[in-house]
> 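After the structure tokens below, expect a handful of questions from me.
Reminder, nothing fancy here: chain letters follow the sequence lines and each chain counts from 1.
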Protein chains: 2
Amino acid sequence: MKRAEKKLNLPTIRRLPAYLEILKRLHGKGIDYVSTTLLIDELKFESVLVRKDLAGLGIAGKQKLGYRLTELSGAIEEYLGWNRNDEAFLIGAGALGSALLGYSKLEEYGFKIVAAFDSDKVKGGTEIHGKPVFHISKLPNLAKRMGIKIAVLTVPADSAQQVADVLVDSGIRGIWNFTGIELDLPEGVVSHNENITSGFALFSVKLRNLEEVAPQ
Amino acid sequence: MKRAEKKLNLPTIRRLPAYLEILKRLHGKGIDYVSTTLLIDELKFESVLVRKDLAGLGIAGKQKLGYRLTELSGAIEEYLGWNRNDEAFLIGAGALGSALLGYSKLEEYGFKIVAAFDSDKVKGGTEIHGKPVFHISKLPNLAKRMGIKIAVLTVPADSAQQVADVLVDSGIRGIWNFTGIELDLPEGVVSHNENITSGFALFSVKLRNLEEVAPQ
DNA sequence: TAGATTGTTAATCGATTAACAATC
DNA sequence: TAGATTGTTAATCGATTAACAATC
């Protein structure tokens, strides 16, 4: 299969997992071909948009039939790199960190958190959702020995930058950042900020509008 | 204080919490006036953007000085409705649900989860992060008695719609939806979808690019 | 053939950025 | 006054939607 060369735009990339989820469900039902009309039955947006999105993946549909399901989901997984197997560390084993350690979908998508770290004193042999938890002082050594290049950062905001510096020194090149802090990182290290408060703000505004339309 | 009438665009609303966070930090340092140049020192984007964002809040800055910190953060909180006190139920006390029950920032922002529900058999007196957990069968009654109108939905995808129907019947009008499923809801009920896989997809693509630029 | 679908090009809409005027 | 800043209008950029051609 030829690698899709086209650069997809950001909203498209955000939508890809939703397509993949639906495709999985349809695959379970023994469906072989999916049309964009079938896909938008499940989603709530326009079929042109789906078609544009899929066009960038570099696969072709068949008129009257749609896209071959396995080919389509394969292309999405390949585009996202979810057919690979990435190993990552998680730092900050609080409530959010623990939730991510137990979020099995990540592994399904080729993203395996192999160990967690925390600044609290941890007893030897501690595990959360079956993943070992170490004191953060052990991270640099383990990262180098295991060749880990990816980290999930779920520490409190006020230690975010400091921990990030340690990660960079330990050879980490990609940081999935849940701290709400904009990290200062050197060239060659990428981060992606996940910010639940942004989504909460949108939800809040929707709630406020609701109350204004029909108070009490 | 006059209510800001202007409708802010979605990206602006998403940015408001970040401004608020910075303002809180600066407030702790005893700073009274903040300029947009000061704000962008912390963020990584353009000061025009910040100015445009703040313009919609309906407050005025002072040339050479900037905005009065308390007035600015007050206006943001009011716009988001974070100066109110909303009570909510959480449904689905798994890993993610538990994390949200322990996420104290929500309460700081006027959003209080008062109880959790799960379909698993729960013993009387069960608590997670100090919040009582009930069997879901108790929800309709409690929601009505307590006048709860907001729910956080963290159940597995395959029961999402079914639980949402129960919520609507119980008088819930706003659903913060973490299930990854697009809910079918009647007129007058709003939902906001939080989808961690979307963010993970963006992170994955950044990681993939990283590897392509400098393999191994 | 008629109809369902893919896939592309043009038009529109929305958000960011650039330019600059106003003012303390 | 000079300089730092707010705040607005115009230009640009990016994404969605509309229109439609192509084809099985």
> Write down the distance between CG (B:L10) and C1' (C:dA15), rounded to a whole number of angstrom.
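Whole-Å distance recorded here is 11 Å.
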> Mapping B:S35 and A:P11 to their closest nucleotides on DNA chain D, which lands nearer the 5' end?
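Whichever sits nearer the 5' end wins; that is B:S35.
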> Give a yes/no answer on whether the side chain of A:T36 brings an N or O atom under 4.0 Å of OP1 or OP2 in C:dT6.
yes
> I need the B:L106 CG to B:L101 CG distance, nearest 0.5 Å.
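Reported value, rounded in 0.5 Å steps: 9.5 Å.
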> Rounded to the nearest 0.5 Å, how far does OG of A:S98 lie from CG of A:L90?
8.0 Å
> When rounded to the nearest 0.5 angstrom, what is the spacing between CG in B:L16 and CD in B:E77?
11.0 Å
> Considering only distance and modelled atom types, tabulate donor-acceptor pairs under 3.5 Å from the side chains of residues 182-195 of chain B, sequence neighbours left out.
from	atom 1	to	atom 2	distance (Å)
B:E182	OE1	B:N193	ND2	3.0
B:H192	ND1	A:K206	NZ	3.4
B:H192	NE2	A:G199	O	3.4
B:N193	OD1	B:N177	ND2	3.0
B:E194	OE1	B:W176	NE1	2.7
B:N195	OD1	B:T197	N	3.4
B:N195	OD1	B:T197	OG1	2.7

> Could you write out DNA chain D as dot-bracket? Rules: Watson-Crick or G-U wobble, both distances under 3.5 Å, brackets [ ] for crossings, | for pairs with another strand, dot for unpaired.
..||||||||||||||||||||||
> Quiz question: by atom type and distance under 3.5 Å, do the side chains of A:S204 and A:R208 form a donor-acceptor pair?
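There is no such pair (donor and acceptor under 3.5 Å, judged by atom type) between the side chains of A:S204 and A:R208.
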> Considering only residues two or more places apart or on different chains, which pairs with a residue in residues 11-31 of chain B satisfy salt bridge (Lys or Arg N to Asp or Glu O under 4.0 Å)?
B:R15-B:D53, B:E21-B:K105, B:K24-B:E108, B:R25-B:E42
> Give, for atom CD1 of B:I76 and atom CD1 of B:I59, the distance between the pair rounded to the nearest 0.5 Å.
7.0 Å
> Which whole-number value in Å describes the distance from B:D53 CG to C:dG14 P?
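Taking atom P of C:dG14 as the reference, CG of B:D53 is at 17 Å.
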> Report which part of the nucleic acid B:T37 touches: base, sugar-phosphate, or nothing (heavy-atom distance under 4.0 Å, all strands).
sugar-phosphate
> To the closest 0.5 Å, what do you measure between CG (B:L38) and CD1 (B:I22)?
8.5 Å
> Whole angstroms only, please: what is the NZ-P distance between A:K7 and D:dA15?
9 Å
> Using whole Å, report how far CG of A:L8 lies from P of D:dA15.
11 Å
> Please state whether the rings of A:Y109 and B:F200 are parallel, tilted or perpendicular, taking 30° and 60° as the class boundaries.
parallel
> Hey, does A:F178 have a side-chain heavy atom less than 4.5 Å from the side chain of B:I196?
yes
> If the sugar-phosphate is the primed atoms plus P, OP1 and OP2 and the base is the rest, what is the B/S/- string for nucleotides 17-24 of chain D, using protein heavy atoms under 4.0 Å?
BBB--BBB
> Would you mind writing out the side-chain donor-acceptor pairs for residues 60-68 of chain A within the sub-3.5 Å range, not counting sequence neighbours?
none

> Measure from CG on A:N9 to C1' on D:dT16 and round the result to the nearest Å.
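Those two atoms, CG and C1', are 10 Å apart.
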> Rounding to a whole Å, what distance do you find between A:L65:CG and C:dG3:C1'?
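One finds 13 Å between C1' of C:dG3 and CG of A:L65, rounded.
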> Please give me every residue in residues 13-34 of chain A whose heavy atoms get under 4.0 Å of an atom in DNA chain D, ordered by residue number.
A:R15
